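What's counted below: heavy atoms across the whole structure, side chains too, no hydrogens, waters or symmetry copies. Everything numeric in this text was worked out from a predicted model, so none of it was measured.
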Amino acid sequence: MNLPKDFVEKYNQLLQEEAPAFFASFDQPAISGFRINPLKKQIPVFPDAITDTPWGHYGKVSGHSIAHVTGLVYSQEPAAQMVGQIAAPKKGERVLDLAAAPGGKSTHLLSYLNQTGVLVSNDISTKRSKILVENIERFGGRNVVVTNESPQKLATVFKDYFDVIVLDAPCSGEGMFRKNPEATSYWHVDYPLECSFLQREILEEALKMLAPEGRLIYSTCTWSKEENEDIVSWLLENYDFLELATIKKINGMKEGIGLSETARMYPHHFKGEGQFVAKLIDKRVKIKRSVKPGKSNLSKVQFQLWNDFQKTHLKTCLDGLLQCFGQELYLLPLDLPDLSKLKIARNGLHLGTFKKNRFEPSFALGLALTSNDVIHTIEIDDNDFKTYLSGNTINLDKEYPKGWYQLLVGGNGLGFVKIVGKTIKNFYPKGLRLP
């Protein structure tokens, strides 16, 4: 790979005798990986597990495969997987993924939360937040709100709120050079320092939202000391309530420069791309906290229609706050402050739509529920799966009672469908259909 001259000089000085092996790694293929989704019911055995990780595997997954389309797997390279693993939120915690798109770290955090607590996934870009919503819905997350805001605006709503904050900060992207060679074209010797100013601005707002005894996970996909250890040192110098926790070094991780508690991932040591991670603990004493629960805005008719659907089609009762936005019904986590002043890309779990005195379940609901949660299900095979994704109806061998069914592929949900006689009507979203 043709690396910038200043980059080569910088890392020759930094890595010294290790520099030749480091630079040689750029001529090796980028390492791909994926995670298995533990929220799904049916999980086949996958090869090439990543050592000391609960759900990680090496390899690639096709975006047209059943495993991907049903949210059973999420593509994420191995070094990036370490961020969520180090964060490892406990069930019931309040979690913020501050720069979340496209969703790799958010879906990883959901794996630990296991449909409990609250996850706020934020991205300041409107375009990227739409991709984030799509990936979270495919993964089947129920307890997620996706916001499209600046850190400054979020901090006015979520003061001292989150038990865990993950910031995979915008950075110079040196660790992605091998995966995305075009990134070398905008790198220059002052770029890492320029990025560090933005990182500090974001962290100043993030810390306003960290609850006492909370954890801040700070990461970048770069090796620049200016954006990594220097940022951590700045945090420790300016926020005396923060304490640096030691990260266990696995799979070839190396200690940070001058801060042995932090972790660096180099491609000549770690089987993956470049990453830096630090874990900081808030030493302030935890105080009792509460959030005044919101009120549902459903009419009596809407309540009745939803309750009728639950009683007729679901084996489980979905806990949360029911809110209608227009005719769209959403289920929000109960433990949330007033979000009315924020730009929202996903108001919790989209349950469905009210249409002329009837309720129509959403695609997202059919992904978020397992077959154990639903009364009526129907399984299709690989051929019918391809037919369905292309937007066509499916013909059955026998008649079924008319109504809503959760469509299963490989034992996992792919939305709800309506069966009429011997025909499965197609409700797969038009924007996701394949030619």
> Think R94 forms a cation-pi with F162, using NZ or CZ under 6.0 Å from the six-ring centre and within 45 degrees of its axis?
Replying inline: no
> Hey, would you say the F363 and Y428 ring centroids sit under 6.0 Å apart?
Replying inline: yes
> So do the side chains of Q275 and T220 get within less than 4.5 Å of each other, counting heavy atoms only?
Replying inline: no
>> Side chains of H269 and E18: any donor to acceptor distance under 3.5 Å?
In response: yes
> Do R178's NZ or CZ and the ring of F26 fall within the cation-pi criteria of under 6.0 Å and 45°?
Replying inline: no
>> Assess whether a salt bridge exists between R215 and E93, defined as any Lys/Arg side-chain N lying under 4.0 Å from an Asp/Glu carboxylate O.
In response: yes
> Do the non-hydrogen side-chain atoms of F46 and I36 ever get within less than 4.5 Å of each other?
Replying inline: yes
> Got a sec, which residues hit salt bridge (charged side-chain N to carboxylate O under 4.0 Å, His left out) with K41, two or more places apart in sequence or on another chain?
Replying inline: none
> Is the shortest distance from a Lys or Arg side-chain nitrogen in K179 or E273 to a carboxylate oxygen in the other one below 4.0 Å?
Replying inline: no
> Would a 4.5 Å heavy-atom cut-off, applied to side chains only, mark L351 and L318 as touching?
Replying inline: yes
> Is there a donor-acceptor pair under 3.5 Å between the side chain of Q81 and the backbone N or O of Q76?
Replying inline: yes
> With a 6.0 Å cut-off on ring centres, are Y58 and F34 close enough?
Replying inline: no
> Can a salt bridge be assigned to the pair K105 and D168 using a cut-off of 4.0 Å between side-chain N and carboxylate O?
Replying inline: yes
>> Under the criterion side chain to side chain contact (heavy atoms under 4.5 Å, CB included), I'd like the reasoning laid out for D123 against D97: C-alpha separation, chi angles, the key distance, then a yes or no.
In response: CA-CA 9 Å; D123 202 274; D97 188 356; over 6 Å; no
>> Are the side chains of R264 and N228 in contact, using a 4.5 Å heavy-atom criterion?
In response: yes
> V277 versus I247: any side-chain heavy-atom pair under 4.5 Å?
Replying inline: yes
> Does L244 reach the side chain of V232, with side-chain heavy atoms less than 4.5 Å apart?
Replying inline: yes
> Would you say the side chain of L167 lies within less than 4.5 Å of the side chain of S219, judging by non-hydrogen atoms?
Replying inline: no
> With a 4.0 Å cut-off, would you call R142 and D373 a salt bridge?
Replying inline: yes
> Once the angle between the rings of Y11 and F7 is folded into 0 to 90°, is it parallel (under 30°), tilted (30 to 60°) or perpendicular (over 60°)?
Replying inline: tilted
> Hey, is the main chain of I344 close enough, under 3.5 Å, to the side chain of N148 for a donor-acceptor pair?
Replying inline: no
> Do the ring planes of H313 and H376 sit parallel (below 30°), tilted (30 to 60°) or perpendicular (above 60°)?
Replying inline: perpendicular
> Under 3.5 Å, is there a donor-acceptor pair between the R35 and T107 side chains?
Replying inline: yes
> Can you list the residues that meet the ring-ring contact (aromatic ring centres under 6.0 Å, His included) rule with F325, with sequence neighbours excluded?
Replying inline: Y330
>> Does any part of the side chain of F276, heavy atoms only, come nearer than 4.5 Å to the side chain of T222, both counted from C-beta?
In response: no
> Any donor and acceptor pair, going by atom type alone, linking the side chain of R128 with main-chain N or O of A101 inside 3.5 Å?
Replying inline: yes
> How far apart are the closest heavy atoms of A169 and Q199, and which atoms are they?
Replying inline: CB-CG, 3.8 Å
> Is R200 salt-bridged to E205, going by a charged N under 4.0 Å from an acidic O?
Replying inline: no
>> Does K91 qualify as a cation-pi partner of Y112, given the criterion of NZ or CZ under 6.0 Å from the six-membered ring centre and within 45 degrees of its axis?
In response: no
>> According to side-chain hydrogen bond (donor to acceptor under 3.5 Å, both in side chains), does anything in residues 405-417 pair up with another residue at least two apart or in another chain? List the pairs.
In response: none
> Checking D384 side chain against I380 main chain: does a donor-acceptor pair fall under 3.5 Å?
Replying inline: no
> Centres of the W223 and F22 rings: under 6.0 Å?
Replying inline: yes
